Number of protein chains: 2
Amino acid sequence: MNELFGVLKPLGLLEAVAGAQHPATLAELSASMNVPKPTMHRWLGSLENAGLVQRTPDGRRYELASRASKLAFSILSNKPAGAIRHEILLRVVQEVGESCNLTVLEGTQVTYLDRVESKWPLRITFQQGSKVPAYCSASGKLFLALLPPAKRDLILRDLKLERQTENTITEKSELIRELKQIRQDGYALDREEFLAGLICLAVPIFQKKGRLRSCVAALAIQAPVTRLSHPEILTKLPVLQDAAEALAATLND
Amino acid sequence: MNELFGVLKPLGLLEAVAGAQHPATLAELSASMNVPKPTMHRWLGSLENAGLVQRTPDGRRYELASRASKLAFSILSNKPAGAIRHEILLRVVQEVGESCNLTVLEGTQVTYLDRVESKWPLRITFQQGSKVPAYCSASGKLFLALLPPAKRDLILRDLKLERQTENTITEKSELIRELKQIRQDGYALDREEFLAGLICLAVPIFQKKGRLRSCVAALAIQAPVTRLSHPEILTKLPVLQDAAEALAATLND
DNA sequence: GCATAAATTCCGAAAAATGGAATGTATTTT
DNA sequence: AAAATACATTCCATTTTTCGGAATTTATGC
């Protein structure tokens with residue numbers, strides 16, 4: 001990736017903070033970006049001042065702040081890359097005949113970034129921007145499964161598994177087992193765990209970070225069980241995975 | 001939203017481009033951000049050069065480019081730990097039914113890092129970032145109590161105990177006795193010492209440092225005495241302590 | 001094809017960023 | 001408990017950018 005010059009150098013810092021696995025200290029950032037400490041100090045001060053970055057409570061490390069999330073959402077809900085992604089969703093809906101959505105994880109909830117509805121009269125209408133608990137949705141469980149273990153534990157630790165339907169997973173041990181299975185399969189199912197009668201299938205969208213890759217978004221289809229039952233919905237897997245790769249390409253080009 | 005200064009001004013431009021309904025022309029952006037055209041031209045050039053922004057096919061308008069998406073996904077997938085903490089506060093409020101806040105000690109004052117209000121019509125409305133004297137608040141006294149003795153003495157030496165209410169502790173000897181009690185209990189109370197009618201309960205959030213641990217932040221609930229009186233508020237202790245541990249976990253990942 | 005508006009380039013003046021060194025502060029080791 | 005180390009922050013003379021009015025070029029609309 002080409003470096004950021006001139007006025008934009010501190011923006012490279014935002015990328016660095018966003019890409020870090022753990023909140024980093026000034027010294028670490030200074031070293032990793034090869035920038036003198038006083039300069040780094042000033043840059044971080046600016047970002048902090050702007051509300052894009054904040055210090056951890058102990059005051060020694062830096063992490064993203066709320067304005068960064070706001071910026072991220074306004075970027076993603078905007079064209080043109082958004083339009084390209086939307087086209088891909090349209091194709092998926094056309095090919096599998098069911099509603100389809102693109103989601104990201106926000107804390108313990110899954111947020112709909114984009115969504116295309118199927119043409120069927122019977123369909124579930126979520127709207128873009130709405131949120132759903134992670135532990136009882138296909139995308140959500142997928143995110144939890146693919147998160148770095150430390151971060152996953154952090155979220156699981158404080159998670160309340162409230163029953164939504166007969167099938168909702170309400171035991172942590174069972175959820176942990178399910179996540180393990182998901183990691184093996186590479187996809188996640190929601191077997192009427194959030195809404196009775198609604199079944200979902202989700203696949204991950206990876207972003208390469210150096211030689212690592214992290215799951216930054218998920219692509220899922222939703223269908224009434226009456227139209228697509230459990231074994232059957234898996235036949236749509238190839239289409240989804242194909243689309244997921246196309247979506248990933250918009251990130252990794 | 002506060003403006004972006006200095007080095008970050010072009011980042012404000014990125015926000016503007018992201019927030020625009022349609023790809024905007026240089027002149028539009030120039031006008032909406034109140035920046036001379038040559039300057040805007042240079043800024044857009046930088047962003048374009050960096051791959052954050054691109055021109056529409058006709059070359060006259062600017063829209064977001066792929067690197068912006070990449071950055072956005074990076075931000076969202078690196079869920080700020082601060083947001084995780086915020087969710088923990090939400091849970092606490094949900095469970096105890098009273099306003100709740102996360103504070104740190106800054107000199108002789110307590111600063112609100114984050115705060116979630118209760119749903120009651122009668123409630124105390126502090127805002128994030130506001131400050132309160134340490135000697136007459138639950139969190140503040142907690143910090144003082146748990147500080148290393150040397151540092152505590154330094155602060156206590158030239159602390160002026162100004163009366164805020166009937167109950168404010170205005171004698172140093174009494175404050176010192178109170179701090180000792182707090183160390184024993186592991187929690188601190190504010191019995192209408194800062195605001196008449198307001199009672200608070202605070203618990204420490206520890207960060208491990210080698211084989212030591214230090215109190216870097218505090219979690220507290222605030223309630224009108226009419227709703228939660230002194231012995232009664234202590235029943236909320238377990239919830240608070242549990243949340244404090246969850247919060248502590250977000251510090252060491 | 002001409003008038004008008006927008007985009008781009010120029011460049012000297014002005015402002016801001018830079019980073020080595022010094023100072024302050026916290027943490028670890030002896 | 002004290003010294004040593006590592007880290008964070010401030011200072012400030014120097015250098016490097018940025019800034020934007022004016023001029024020039026290019027595109028648009030009538």
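What you see is a predicted model, and the numbers here were worked out from it, not measured in a lab. The analysis underlying the following values was restricted to heavy atoms, covering all of them including side chains, and did not include hydrogens, waters or symmetry mates. Convention: sequence-line order gives letters A, B, ...; per-chain numbering from 1.
- Separation of atoms CG (B:L156) and CG (B:L179) is listed at 6.5 Å; rounding is to 0.5 Å.
- For the pair B:S66 (side chain) and A:T250 (backbone), a donor-acceptor distance under 3.5 Å is absent.
- In this structure, B:V132 and B:S137 approach most closely via the heavy-atom pair CG1-CB, 3.6 Å.
- For A:E87 and A:R91, the salt-bridge test fails: no basic side-chain N is under 4.0 Å from an acidic carboxylate O.
- Residue contacts shown for B:P38 include a base, since a base heavy atom lies under 4.0 Å away.
- What separates CZ of B:R61 from C1' of C:dA6 is a distance of 12 Å, to the nearest Å.
- Across every non-hydrogen atom of B:R163 and B:T168, the tightest pair is NH1-O, 3.9 Å.
- If you measure from atom CE of B:M40 to atom P of C:dT9, you get 16 Å, rounded to the nearest angstrom.
- Between A:R61 and A:E63 there is no salt bridge, since no side-chain N of the basic residue sits under 4.0 Å from a carboxylate O of the acidic one.
- With B:R67 contributing its side chain and B:A50 its backbone, the two residues share a donor-acceptor pair below 3.5 Å.
- Separating the CG atom of B:L29 from the P atom of C:dT8 is a distance of 12 Å, rounded to the nearest angstrom.
- Residues A:E28 and A:R60 are not paired through a salt bridge, judged by the lack of any N-O separation under 4.0 Å between the basic side chain and the carboxylate.
- One can place CG of B:L26 at 13 Å from C1' of C:dT9, the figure rounded to the nearest angstrom.
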Could you run down nucleotides 24-30 of chain D 5' to 3' and tag each one B, S or - for protein heavy-atom contact under 4.0 Å?
---SS--
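- For A:W43 and C:dA17, the shortest distance from a side-chain N or O to OP1 or OP2 is not below 4.0 Å.
- Each of B:Y62 and B:K151 was assigned the nucleotide of DNA chain C with the nearest heavy atom; the assignment lying further toward the 5' end belongs to B:Y62.
- An angle of 50°, rounded to 10°, separates the two end axes of the helix from C:dG1-D:dC30 to C:dT30-D:dA1, each defined over five pairs.
- When each of B:T39 and A:G59 is assigned the nucleotide of DNA chain D bearing its nearest heavy atom, the one mapping closer to the 5' terminus is A:G59.
- As rounded to whole Å, 16 Å separates atom P of C:dA6 from atom CZ of B:R55.
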Table of protein N/O atoms under 3.5 Å from nucleotides 1-5 of chain D N/O atoms:
none

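- Between the side chain of B:T39 and the backbone N or O of B:V35, no donor-acceptor pair lies under 3.5 Å.
- Closest approach to the A:R42 side chain among D:dT9, C:dA26, C:dA17 is made by C:dA17 (side chain taken as heavy atoms from C-beta onward).
- Rounded to whole angstrom, the span from the CG atom of A:L44 across to the C1' atom of C:dT18 amounts to 16 Å.
- When atom types are taken as modelled, the side chain of B:N78 and the backbone of A:A18 share a donor-acceptor pair closer than 3.5 angstrom.
- The main-chain N or O of B:A246 is never found under 3.5 Å from a side-chain atom of A:D158 such that the two would form a donor-acceptor pair.
- Here the C1' atom of nucleotide C:dA5 and the CD atom of B:E28 are 13 Å apart, to the nearest Å.
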Could you go through the side-chain hydrogen bond (donor to acceptor under 3.5 Å, both in side chains) check for A:D58 and A:T56 one step at a time?
CA-CA 5 Å; A:D58 67 356; A:T56 53; 2.5 Å; yes
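- Between A:H41 and D:dA8 there is no side-chain polar atom (N or O) within less than 4.0 angstrom of OP1 or OP2.
- Following rounding to the nearest Å, B:L13 (CG) and D:dC19 (P) show an atom-to-atom distance of 12 Å.
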